Amino acid sequence: MRIERLQPSDLDALAELEAAVLAHDGTPLKLEWAYIREQRTVASLVIRDRDSAAGRLIAYLGVYPFGGPPEAELVGMVHPGHRRHGLAGALLEEAKHICAARGLSHRLLVVPRAGVAAASFIASRRVTREHSEYSMRLTGTPVRVPEDPDTLVRDATPEDRADRIRILTAGFGPPPEDMLDALHPDGLRTVMIEHAGAVVGTASLRLVGDLGGIYGFAIDPEHRGRGIGVDALGRFCSLLGEAGASAVRLEVAVENERALHIYTATGFAPLSTEDYYRLEE
């Protein structure tokens, strides 16, 4: 088999592969199409069917720079008709070499919990489950609470760096430098939440086609439980809707019951549960 890099001309073929996997397995994958289209993955690896005249794609593995060095997330898929031939293992080995060359030693393999093929592959590798997240989506109009006039959502500026570090560290752990330095890269809009003049939260919003995304949404612990988060979330969804989003997606840790309640109250519904496994080999 020959492993190649995904080409811009392969996007339709990749979408066809994703559709075939989804139709067979019934579980969506965290492919992060924005990163693929904008060529911002660390690597996008493919294997083609050499018996096909068009050389259709039969396997894919994306290496995503989430979390910043030394962390990378890996998401892949193999066409149902070409499984159990070592394609996934070959792609993973190639990805490991690429990660090592980039200093990405903390590799997380992301798989849908309900995926039978993914479960079988995980069972054959040396991995440790780190955490799990719900992938959630809002379609249509969000459920809004009345806007608090003391709450303001505005664009982030370089002067917000210290507040962003404080808030993101409390919510997720220390943020990577590239996340702090790039406030509005490639269509990503980083915003701050103020309440009564104090900076109390932050998030990043992205629109790709008609799909919106909310990332890194965190409220200062001292200001949680006051309705600020659900107010801000509704505003985020409305902003994305006004920009052209017909749906909005986000991820939330399974154990984060407070955030899960806010999201479901706004109208988000879980699509799948994604398990994150640290590769030990």
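These numbers were taken from a predicted model, which means no experiment stands behind them.
- No chain of hydrophobic side-chain contacts below 4.5 Å, direct or via other Ile, Leu, Val, Met, Phe, Trp or Tyr residues, connects I165 to V199.
- Atoms CG and OG, from L61 and S44 in turn, are 8.5 Å apart once rounded to the nearest 0.5 Å.
- Taking CD of E4 as the start and CD of E94 as the end, the distance is 11.5 Å to the nearest 0.5 Å.
- Across all non-hydrogen atoms, the minimal contact from S132 to E255 is O-OE1, 4.3 Å.
- Note: the hydrophobic cluster containing L250 also contains V153 (ILVMFWY, side chain heavy atoms under 4.5 Å, direct or indirect links).
- Expressed to the nearest 0.5 Å, how far CD1 of I167 lies from CD1 of I219 amounts to 7.5 Å.
- Between the side chain of Q7 and the backbone N or O of R5, at least one donor-acceptor pair lies under 3.5 Å.
- At least one donor-acceptor pair under 3.5 Å links the side chain of Y64 to the backbone N or O of L31.
- When all heavy atoms of A243 and L207 are compared, the pair lying nearest together is O-CD2, 3.1 Å.
- Applying the side chain to side chain contact (heavy atoms under 4.5 Å, CB included) rule to L22 yields the partners P28; only residues at least two apart in sequence or on another chain are considered.
- The two residues A245 and G212 come nearest to each other via the heavy atoms CB-N, 3.8 Å.
- Going from atom CG of L108 over to atom CD of E274 covers 12.5 Å, rounded to the nearest 0.5 Å.
- Distance check: R126 CZ to L279 CG gives 10.5 Å after rounding to the nearest 0.5 Å.
- Side-chain contact between V42 and I98 is present, with at least one heavy-atom pair separated by less than 4.5 Å.
- In this structure, E71 does not pair ionically with R278, as no charged nitrogen and carboxylate oxygen lie closer than 4.0 Å.
- Contacts of R226 classified as side chain to side chain donor-acceptor pair (under 3.5 Å), with partners at least two apart in sequence or in another chain: none.
- Hydrophobic clustering keeps M192 apart from L239 (ILVMFWY residues linked when any side-chain heavy atoms are closer than 4.5 Å, directly or through intermediates).
- Surrounding OH of Y277 are more than 12 heavy atoms belonging to other residues, nucleotides or ligands, all under 6.0 Å away.
- The side chain to side chain contact (heavy atoms under 4.5 Å, CB included) search around A13 returns L57, not counting sequence neighbours.
- Applying the ring-ring contact (aromatic ring centres under 6.0 Å, His included) test to Y276 and every residue at least two apart in sequence or in another chain returns H131.
- The side-chain contact (heavy atoms from CB on, under 4.5 Å) with R48 is formed by just one residue from the set I3, I58, D10; it is D10.
- Residues L14 and L211 fall into different hydrophobic clusters, defined by Ile, Leu, Val, Met, Phe, Trp and Tyr side chains chained together at heavy-atom separations under 4.5 Å.
- Of all heavy-atom pairs between V254 and T273, the closest is CG2-CG2, 4.2 Å.
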Begin from the C-alpha positions of E93 and R125 and carry the test salt bridge (charged side-chain N to carboxylate O under 4.0 Å, His left out) through to its verdict. CA-CA 12 Å; E93 289 302 313; R125 318 300 299 192; 3.4 Å; yes
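- Taking the ring-ring contact (aromatic ring centres under 6.0 Å, His included) definition, one finds that F217 meets it with F236, sequence neighbours left out.
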Please report the C-alpha distance between L11 and L6 in whole Å, then the side-chain angles of each, then the deciding distance to 0.1 Å, and finally whether the side chain to side chain contact (heavy atoms under 4.5 Å, CB included) criterion is met. CA-CA 8 Å; L11 294 183; L6 183 77; 4.2 Å; yes
Evaluate the side chain to side chain contact (heavy atoms under 4.5 Å, CB included) criterion for residues R154 and D160: first the C-alpha distance (whole Å), next the side-chain angles of each, then the deciding distance (0.1 Å), finally the verdict. CA-CA 11 Å; R154 61 168 176 80; D160 292 312; 2.8 Å; yes
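- Residues satisfying the side chain to side chain donor-acceptor pair (under 3.5 Å) test with R235, not counting sequence neighbours, are D231.
- Closest non-hydrogen pair, V63 versus A95, comes out as CG2-CB, 3.9 Å.
- Sequence neighbours left out, the pairs with a member in residues 7-41 that pass ring pair (Phe, Tyr, Trp, His ring centres under 6.0 Å) are Y35-F66.
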Per-pair distances, 0.1 Å, donor-acceptor, side chain in residues 256-272, under 3.5 Å, sequence neighbours excluded:
residue, atom, partner, partner atom, Å
N256, OD1, A259, N, 3.1
T264, OG1, L260, O, 3.0
T264, OG1, H261, O, 3.1
T266, OG1, I262, O, 2.9

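- Under the side chain to side chain donor-acceptor pair (under 3.5 Å) criterion, T27 pairs with no residue, sequence neighbours left out.
- The side chain to side chain donor-acceptor pair (under 3.5 Å) search around S9 returns none, not counting sequence neighbours.
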Should R50 and R2 be marked as a side chain to side chain contact (heavy atoms under 4.5 Å, CB included) after you check the CA-CA gap, both sets of side-chain angles, and the distance that decides it? CA-CA 9 Å; R50 292 303 170 187; R2 179 181 174 185; 3.8 Å; yes
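- In terms of heavy-atom proximity, T190 sits nearest to S204 at OG1-OG, 3.3 Å.
- Of the candidates L29, I122, V127, I122 is the only one forming a side-chain contact (heavy atoms from CB on, under 4.5 Å) with V111.
- The distance from atom CD of E73 to atom CG of L109, rounded to the nearest 0.5 Å, is 10.0 Å.
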Show me the side-chain donor-acceptor pairs of residues 74-90 shorter than 3.5 Å, one per line, residues at least two apart or across chains.
residue, atom, partner, partner atom, Å
H79, ND1, G81, N, 3.0
H82, NE2, R56, NH2, 3.4
R83, NE, V78, O, 3.0
R83, NH1, D25, OD1, 3.1
R83, NH2, D25, OD2, 2.8
R83, NH2, V78, O, 3.1

Checking I214 against L205 for the side chain to side chain contact (heavy atoms under 4.5 Å, CB included) test, could you report, in this order, the C-alpha distance in whole Å, the side-chain angles of both residues, the deciding distance, and whether it holds? CA-CA 5 Å; I214 300 173; L205 314 179; 4.0 Å; yes
In a table with atom names and distances, give each donor-acceptor pair under 3.5 Å that connects a side chain of residues 137-146 to protein atoms at least two apart or in another chain.
residue, atom, partner, partner atom, Å
R144, NH1, S238, OG, 2.6
R144, NH2, E147, OE2, 2.7

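- The closest side-chain heavy-atom distance from L91 to I47 is below 4.5 Å.
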